[in-house]
*Asks:* 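Before we start, here is the structure in question, set down as structure tokens.
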Amino acid sequence: MGLTKQYLRYVASAVFGLIGSQKGNIVFVTLRGEKGRYVAVPACEHVFIWDLRKGEKILILQGLKQEVTCLCPSPDGLHLAVGYEDGSIRIFSLLSGEGNITFNGHKAAITSLKYDQLGGRLASGSKDTDVIIWDVINESGLYRLKGHKDAVTQALFLRERNLLVTSGKDTMVKWWDLDNQHCFKTMVGHRTEVWGLVLVSEEKRLITGAADSELRAWDIAYLQEIDDPEEPEPKKIKESPGIQDAPEAEDGTLEADEESEDRILSCRKAGSIMREGRDRVVNLAVDKTGRILACHGTDSVLEVFCVLSKAEIQKKMDKKLKKARKRAKLNSASGEEDPETSVTMTLQDEIHRVASIKTSSKIKSFDLIHSPQGELKAVFLLQNNLVELYSLSTSLPTPQPVRTSRITIGGHRSDVRTLSFSSDNIAVLSAAAESIKIWNRSTLQCIRTMPCEYALCSFFVPGDRQVVIGTKTGNLQLYDLASGNLLETIAAHDGALWSMSLSPDQRGFVTGGADKAVKFWDFELVTDKNSTQKRLSVRQTRTLQLDEDVLCVSYSPNQKLLAVSLLDCTVKIFYVDTLKFFLSLYGHKLPVICMDISHDGALIATGSADRNVKIWGLDFGDCHRSLFAHDDSVMYLRFVPKSHLFFTAGKDRKIKQWDADKFEHIQTLEGHHQEIWCLAVSPSGDYVVSASHDKSLRLWERTREPLILEEEREMQREAEYEESVAKEDQPAVPGETQGDNYFTGKKTIETVKAAERIMEAIELYREETAKMKEHKAICRAAGKEVPLPVNPILMAHGNISPSAYVLETFKRVKSSELEEALLVLPFSYVPDILKLFNEFIQMGSDIELLCRCLFFLLRIHFGQITSNQMLVPVIEKLKETTISKVRQVQDVIGFNMAGLDYLKRECEAKSEVMFFAEATSHLEEKKRKRKNRKKMILTLT
């Protein structure tokens, strides 16, 4: 057998050129004790933490594959919950940057994440219409709430009561009682999707934003507070008529026959606040204090409102009343009678508009921080890969928003359409519709930004001191890198300049455009009128006129041939010296978008919009092979220098490497989340850079690790199998349900593996106990002690007993995957597990974990366990031991709680003493200063 051809693996090295992705939301995070300085922003599958003051990226929370769709910081500011496109949730520590906890329960993208007040529970809403409540401390799911008929848009915990309120695209707002996990109220007062909801005024009012220009306000009255006789009446303030009417007409939230005992709270519409925007509410939020309310639509304006406190409203109403009385006096003086002066409080008196913040582009998401001094900070993630921070002083009568910082340098405002490497492999050029950026490949820092026209193609001029850009308007733009100046703009073509190719002798280049012309250019040095030094310029030498638009041009390495791809789906090859026609390569069904010629001039590879790549011989123009390369158009194709390997990039978000000699697919580089526009291979072949519609640039690096094709195919098959395992339970018809899934978890390859590990441990335990029995029988027969052979697995774990090994296996299963792993376990293993649990609980080890497993197994196998006579004594024993041991644990926890309470009281008492001591010292200081001032006055007089 001959030696197989060796390939080297390319791996993802970095993501850069991206400030923030559009799918997720931006949030303020607390780092190093500072609030309002750092923000967390979704960046494809990662989360970037940016320092707004310095404009630097200080931390990357590494994701796996899926795009980030939702972020939520924990109340203590130490953790960040991140929701992904596939429905998984990871909780990262902001101190270490590691994601230790993973929750898998949703089948579709996460749309909403919210912590409760203490940060112990997390509510997640998803596009799969479910809401799941997770226990963050125990790292497990608590329960799944089903009821919405479309994606959940928001979920909020109430602070004082164990309730949850959720909104969805199904026009519903649902109230859930978390004590018994049922929906006790559905508000149907909206005609369109509810895109957001917030609680204000000490959770007595709910504000919802829908697909129109109204923000609807709802008054919440809790059952024990309805008709409280001791509550004093506010003086002379008449409630607006909408609040008094008990039967609801428009919103339908209160039915006539609904008994007050049946519900926990009542919700009545209090009115509407009109927004300036006419489109749907995209985001609606309040700051942590609940004083500032803000919302935005699909445009670039954030509307800011202030929610007044009771005292402020009272003040306002007193003023109104004063005015009304004055007016009444004047009226009575003129002869009109006014028996009673009263003013009506409207919603506009309670919530008033503060200002509107206009950003430089469309807003995708925002976050607020309101300081006690009255300064409001609003940070925005914009549509064009930009983060902006505005501040607003809400205490002023007419506050004006001021932009205090913006992060722009780390990325382009629009999609990158062309990439190039410098000849030393160090600098990378990326150009988009508005600017050119030069990046340092090793540090990934942007070292130059130069404004340009809409760029389509580019290259570094030999010497790497200048760059040439071809634009959509048909111009050539020549830039000097040292100064960052535009040296010259030359009108080259009448239409878009689609492609350029540097000549192998490096003295000129060729351009092809939409004006059906191929033009040849030479570099030359010219002297400017206003300077004595010479600078680089270009001069047109020849033109080749064709019958169709030119899409791509490429020189052969010996500079004898020029390949030109045309809009008629063919590639024409011409002699460079005479411009005579040599070959026509036809066979593609759609135009050839990209092509490249190998380093030895033997092969030409063409990529087309028909999703195929064809490999041709350049001597006779014969097609060696046609490969079905991508699931969408092939956008870019480049040979690796000094080899017959080439890379293709497609609109299907993949980069693939191929062997042009063996016509084999070598590897696929996955990472981009949108279509890929272009790529560049470094002159050494060690690096590949790609650019995509997701605004990110990705660097891929060649490793020293050899890649064996058979192994690669095997890994691919395994990955496909793992995906299919996770999707097994999904119904064939969308919307069809296979019975309600009560559990919060979801079957993944991890849970299947965990179940297999438990099964292996039980098998080993069975074998070892059988061996022990045999060994005892042999010892008895021999009349002496015979050495027992030790299992190598048990030896590796520190020579532990088989039963201890089973316990270790249970401990190693992740808390969030435990229920699903036990669910997969066949019943034949359960009797052994129950016997072992009895032993473990008697020993008093890991009571909480064992009880959790035990109760779960009893719940899912209740019928089989109760009908099995053999298990009756086991269950009886378990009952006794479990109750006594759980009581012991309870006592320990109770004692600890009491101890902590005592310590808390001690601390509070000490701090109060400290507080009084400080107050006394302050007073002494003031007295001393006053004495000094008097002395000074006396001396002066």
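Reckoned from all heavy atoms, side chains included, excluding hydrogens, waters and symmetry mates.
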*Asks:* Are there more than 12 heavy atoms of other residues, nucleotides or ligands under 6.0 Å from atom CD of Gln545?
*Replies:*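 Counting neighbours around CD of Gln545, more than 12 heavy atoms of other residues, nucleotides or ligands fall under 6.0 Å, so yes.
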*Asks:* Donor-acceptor pair, distance only, cut-off 3.5 Å: does the side chain of Ser598 make one with the backbone of Leu603?
*Replies:*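 At least one qualifying donor-acceptor pair exists.
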*Asks:* Please confirm whether the ring centroid of Phe459 lies under 6.0 Å from the ring centroid of Phe509.
*Replies:* yes
*Asks:* Salt bridge check: are Arg717 and Glu714 linked by an N-O gap of less than 4.0 Å?
*Replies:*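 A salt bridge is present here (some side-chain N lies under 4.0 Å from a carboxylate O).
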*Asks:* How many angstroms lie between atom CZ of Phe646 and atom CE of Met595, to the nearest 0.5 angstrom?
*Replies:* 14.5 Å
*Asks:* Salt bridge check: are Glu524 and Arg539 linked by an N-O gap of less than 4.0 Å?
*Replies:*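 The answer is yes: the pair qualifies as a salt bridge.
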*Asks:* Would you check if there is a donor-acceptor pair between the side chains of Asp464 and Ser423 at a distance under 3.5 Å?
*Replies:* yes
*Asks:* Looking at Arg507 and Asp522, is there a salt bridge between them, counting it only when a charged N and a carboxylate O are closer than 4.0 Å?
*Replies:* no
*Asks:* Between Tyr10 and Phe647, is the ring centre distance below 6.0 Å?
*Replies:* yes
*Asks:* For the pair Glu45 and Arg698, find out whether any cationic side-chain nitrogen is under 4.0 Å from an anionic carboxylate oxygen.
*Replies:*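 Salt bridge present between Glu45 and Arg698.
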*Asks:* Is the His46 ring parallel, tilted or perpendicular to the Phe48 ring (thresholds 30°, 60°)?
*Replies:* parallel
*Asks:* On the ring face of Tyr575, is Lys580 found with NZ or CZ under 6.0 Å from the centre and within 45° of the axis?
*Replies:*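 Geometry flag: not set, cation outside 6.0 Å or 45°.
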*Asks:* With distance as the sole test, does Asn485 use its side chain to make a donor-acceptor pair with the main-chain N or O of Leu487 at under 3.5 Å?
*Replies:*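 No: the side chain of Asn485 does not pair with the backbone of Leu487.
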*Asks:* What's the verdict on side chain to side chain donor-acceptor pair (under 3.5 Å) for His412 and Ser435, showing C-alpha distance, side-chain angles and the deciding distance?
*Replies:* CA-CA 7 Å; His412 288 276; Ser435 65; 3.2 Å; yes
*Asks:* Would you check, one step at a time, whether the test side chain to side chain donor-acceptor pair (under 3.5 Å) holds for Ser626 with Asn612?
*Replies:* CA-CA 7 Å; Ser626 181; Asn612 290 315; 4.6 Å; no
*Asks:* Taking NZ, NE, NH1 and NH2 as the nitrogens, is one of them in Glu488 or Arg535 under 4.0 Å from a carboxylate oxygen of the other?
*Replies:*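 Between Arg535 and Glu488 there is a salt bridge, with a charged N closer than 4.0 Å to a carboxylate O.
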*Asks:* Give the intermediate values and the outcome of side chain to side chain donor-acceptor pair (under 3.5 Å) for residues Trp521 and Thr511.
*Replies:* CA-CA 8 Å; Trp521 307 79; Thr511 61; 3.0 Å; yes
*Asks:* Could you check whether Lys472 pairs with Glu453 (Lys NZ or Arg NE/NH1/NH2 to Asp/Glu carboxylate O, under 4.0 Å)?
*Replies:* no
*Asks:* Under the ring-ring contact (aromatic ring centres under 6.0 Å, His included) test, which residues partner Tyr454, sequence neighbours left out?
*Replies:* none
*Asks:* Nearest 0.5 Å please: distance from the CG atom of Leu419 over to the OG atom of Ser690.
*Replies:*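 Leu419 CG to Ser690 OG: 7.5 Å, rounded to 0.5 Å.
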*Asks:* Any salt bridge between Lys695 and Asp415, counting N to O under 4.0 Å?
*Replies:* yes
*Asks:* Atom CG of Leu544 and atom NZ of Lys516: how far apart are they, to the nearest 0.5 Å?
*Replies:*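 Here the rounded value is 14.0 Å.
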*Asks:* Classify the side-chain pair Tyr7/Asp659 by whether it contains a donor and acceptor separated by less than 3.5 Å.
*Replies:* yes
*Asks:* For the residue pair Trp700 and Tyr687, is the inter-centroid distance of their aromatic rings smaller than 6.0 Å?
*Replies:*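 No.
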*Asks:* Could you point out which residue of Val510, Val550, Ile573 forms a side chain to side chain contact (heavy atoms under 4.5 Å, CB included) with Val564?
*Replies:*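 Considering Val510, Val550, Ile573, a side chain to side chain contact (heavy atoms under 4.5 Å, CB included) with Val564 is found only for Val550.
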*Asks:* Are any non-hydrogen side-chain atoms of Val387 and Arg406 less than 4.5 angstrom apart?
*Replies:* no
*Asks:* What ring pair (Phe, Tyr, Trp, His ring centres under 6.0 Å) pairs are there with at least one residue in residues 611-636, not counting sequence neighbours?
*Replies:*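 Counting only pairs at least two positions apart or across chains, no ring pair (Phe, Tyr, Trp, His ring centres under 6.0 Å) contact touches residues 611-636.
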